[in-house]
Number of protein chains: 2
Amino acid sequence: MTQTPCPVCQAPSNGFHFGVEVCSACSAFFRRTVFKNRKFRCWGDPVNSCKVVSTGSAFCKSCRFAKCLAVGMQKEIVQKGREGYGKREKEAQELALVSASSPTNFKMNRQGLPILETIVESYKTLENARKCVHQGPHGGVFPKRPPKPVNYKETIAVFLKEYYLVGDWLSHCFPEFANMKIDQKDLLHRNFYLQFVVLEGGFFSCNHKRSDIRYLPSGDYIDCVNPETYYYDPDGQQPMTPDEAVTMFASSFQTYRRNVTHPMLRENADRFEFLALTGLALFDADLEYISEETAAVCRKVRMRIQKEMLKYYMSTKGAEEASLRLGNLISIIPSLHRATRRFLEDIELSHVLKAYSVDEKFYDNCLPKFGQL
Amino acid sequence: MTQTPCPVCQAPSNGFHFGVEVCSACSAFFRRTVFKNRKFRCWGDPVNSCKVVSTGSAFCKSCRFAKCLAVGMQKEIVQKGREGYGKREKEAQELALVSASSPTNFKMNRQGLPILETIVESYKTLENARKCVHQGPHGGVFPKRPPKPVNYKETIAVFLKEYYLVGDWLSHCFPEFANMKIDQKDLLHRNFYLQFVVLEGGFFSCNHKRSDIRYLPSGDYIDCVNPETYYYDPDGQQPMTPDEAVTMFASSFQTYRRNVTHPMLRENADRFEFLALTGLALFDADLEYISEETAAVCRKVRMRIQKEMLKYYMSTKGAEEASLRLGNLISIIPSLHRATRRFLEDIELSHVLKAYSVDEKFYDNCLPKFGQL
DNA sequence: AGGGGTTGGTCAAAGGTCCT
DNA sequence: AAGGACCTTTGACCAACCCC
């Protein structure tokens, strides 16, 4: 940084640029202008005689460039473009077109992603099975009805039905899971299930672009903004009033939304990413009580899933963007754990208090044992 | 300056370099690339077949390097930091000035990583401060003594001393943190501290290549294989015998090792990566009770840290390897949470039972409030 | 010694990136 | 969208070094 002023704009100059000792700003301006071959028009009056001084902000571009040439800056020294060290603009633009043109149809990107392709396909089967099992608003047997808000009893009933459905789905997707010993399978399945419930809720919100209600797999929803509807018990046999329950569990809904729904909305996770996260949540290599053998399998599958995610991204993004996206997605997992744990605490609290008693079957069969999560 | 053209780029060649008669530019390029072990990706279409001509601009680095190798330039001739010769005078002077020169050659990879470089540097300061504060085996004031196993009382004392030390360190590393409102800062700091303790323990184990003992910042250690030494109380006033305590907390040590030490050993995380994880753990954007503003800051810093990690990897690895490594590192965070939570549960249990009572100061000032983690 | 040749180191000035 | 601060890369130049 020398003391001589930039001959173009009078700002402190900063070494030689394109043949003349000018400031870095004028250097960048000159480079961009020449590189993009931009032309300007002077709007001044009288024309082509604007003052070019760095005091303000708005120069007349035309006169600034003219002055650059006048003081001797050489167009020839501007290079024709180099390789960037991350992505290349050209590439990024082309690929942006591709991904924008087909938001839902990602068939083209799925090739060579054996694990994730399998999950995506069989998730469709799960969706169909749900229509039959839940008789919800999208059920095929009964005539269609609009989605309705549900209370906690109905919710638990839905999730209980789901548990085994999801188990079958997992066994179908992952031979690694299907072939595990029954006790290991049970550990993973229990650890997984609530996470899946929470994650899928976030994904539904993401699909519907709203975080004020939480959709269930049945198609109905929990109204998070009016939780008294959720805690309302038609039989009226609970030791707590809905109002009390709302006070007690109010922050739980906050937790779900903050930790999972919002991040997923922010990242705008697609179905593919949601299912990849599902796989990572299932194959939790660091779970307590699992055998070293199971842990090794988990690590292997996780690695494969990460590789496929990366491949999926690399087909539409540059390397850097892909990696960062992968990182952001993986960063959702701790939040997912947090939300799930909160969910579990709520359920256990209800259970202990015998307030809003949870179906015993659900409690015994579908939840991780204490301290395991 | 001979007349034969450089076989890589056709510019006039300039003597033999690394085995082939090439121009000085290609020589320098080759030297830099090999020295830093950089990998490139070709963005051309068709791939790996770009023209390499010295038109003054626009090389494809990948193809340029490939051509260097193709024409016979030898990687082996590039030295790894003046290994063959004695140190140069100038270099010796610099070393005298800086005094704390990096033991490994981090220098080359750290450029342009403003956040992580700052953390790495100021971590050294933290290490020095510890020597004074803890008077441990590496303390500068008292004569050196070998590391010894410590009990829980000594451990808590060490961590209490550390809390504010670490707080200062954080404020020094992260202006974003230093400038937060006091309540937000406190939330992050409390949430962070145990995670840091656990993570750093894993890092120490990683450094010493052993997971059977857990080093403390003071330089002493907890003997995880013989936890009765840890629960031994010289005053003998506790309501539990060491044996009972071991039974009670036995699986905690397992949890630490399984969740943090083992993954870090597996990944062989270096100091740089450990500190990057530290940053990610601090700026937890999904923490309960933090303001939206703070969360936004957290997301921003996290993003920057991830980018710097990626850059760090990309300078020595290919894009895919770098991304997977990043993914694996980030995947340690959920495990870290799990181990930390377990740690917290132990402390709270001890506290409630008034067995192995924890220093009240530590309990009140250094831990996250209930349900927050 | 001493010069020719090759090494790594240095730095000004290119281009690229990011946030406003 | 464009400006400007900030970062990386490049290649000419030079000191250190080996060898004959």
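Predicted model only: the values in this text are computed from it and were never measured. Atom set for the values below is all heavy atoms of this structure, side chains included, hydrogens, waters and symmetry mates excluded. Order of the sequence lines fixes the chain letters, A, B, ..., with proteins taken first and strands second; residue numbering starts at 1 for each chain.
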Whole-Å distance, B:Tyr312 OH to D:dT8 C1', equals 18 Å
Any A:Ser24 side-chain N or O less than 4.0 Å from OP1/OP2 of D:dA5: yes
Rounded to the nearest Å, what distance is computed from the CZ atom of residue B:Phe65 to the P atom of nucleotide D:dT10? 12 Å
Let's go through B:Phe283 and B:Phe192 carefully: what are the C-alpha distance in whole Å and the side-chain angles of both, what is the deciding distance for ring-ring contact (aromatic ring centres under 6.0 Å, His included) to 0.1 Å, and is it a yes or a no? CA-CA 8 Å; B:Phe283 291 97; B:Phe192 168 78; 8.9 Å; no
From D:dT10, D:dC7, D:dA2, pick the nucleotide closest to the side chain of B:Lys61? D:dT10
Just compare C:dG15, D:dG11, D:dG3 and give me whichever is closest to any side-chain atom of A:Phe18. C:dG15
Minimum-distance nucleotide to B:Lys311 side chain [options: C:dA13, C:dT6, D:dC7]: D:dC7
When the nearest nucleotide of DNA chain C is assigned to A:Ser27 and to B:Arg31 on a heavy-atom basis, which residue is associated with the more 5' position? B:Arg31
Side chain proximity check, B:Lys185 to B:Ser171, heavy atoms < 4.5 angstrom: yes
Categorize B:Lys307 for me: base, sugar-phosphate, or nothing, with a 4.0 angstrom heavy-atom threshold over every strand shown. sugar-phosphate
A:Ile77 has a side chain; which of C:dA14, C:dT7, C:dG15 sits nearest to it? C:dA14
Take A:Arg32 and A:His17, find for each the nucleotide of DNA chain C with the closest heavy atom, and name the residue whose nucleotide sits nearer the 5' end. A:His17
side-chain contact (heavy atoms from CB on, under 4.5 Å) with A:Val22: which of A:Ser13, A:Cys9, A:Pro7? A:Pro7
B:Phe16 CZ to C:dG8 C1', in whole Å, measures 20 Å
Separation of D:dG11 C1' from B:Phe29 CZ (nearest whole Å): 12 Å
May I ask you to verify if any side-chain N or O of B:Arg38 is less than 4.0 angstrom from the OP1 or OP2 atom of D:dT9? yes
Check this one for me: any side-chain N or O of B:Arg64 less than 4.0 Å away from OP1 or OP2 of D:dG11? yes
Complement of D:dA1, any strand, by Watson-Crick or G-U distances under 3.5 angstrom: none
Round to the nearest Å and state the distance from B:Asn14 atom CG to C:dT7 atom C1'. 13 Å
Heavy atoms from C-beta onward define the side chain here; which of D:dC7, C:dA14, D:dG11 lies closest to that of B:Pro114? D:dC7
Distance, rounded to the nearest Å, where A:Lys36 contributes NZ and D:dA1 contributes P: 10 Å
Within this structure, what is the CE-to-P distance between A:Met73 and C:dG15, rounded to whole angstrom? 10 Å
Parallel, tilted or perpendicular: which fits the ring planes of B:Tyr123 and B:Trp169, with parallel below 30° and perpendicular above 60°? tilted
Tell me the interatomic distance from B:Phe30, atom CZ, to D:dT9, atom P, rounded to whole angstroms. 18 Å
Would you call the rings of A:Phe40 and A:Phe65 parallel, tilted or perpendicular, where under 30° means parallel and over 60° means perpendicular? perpendicular
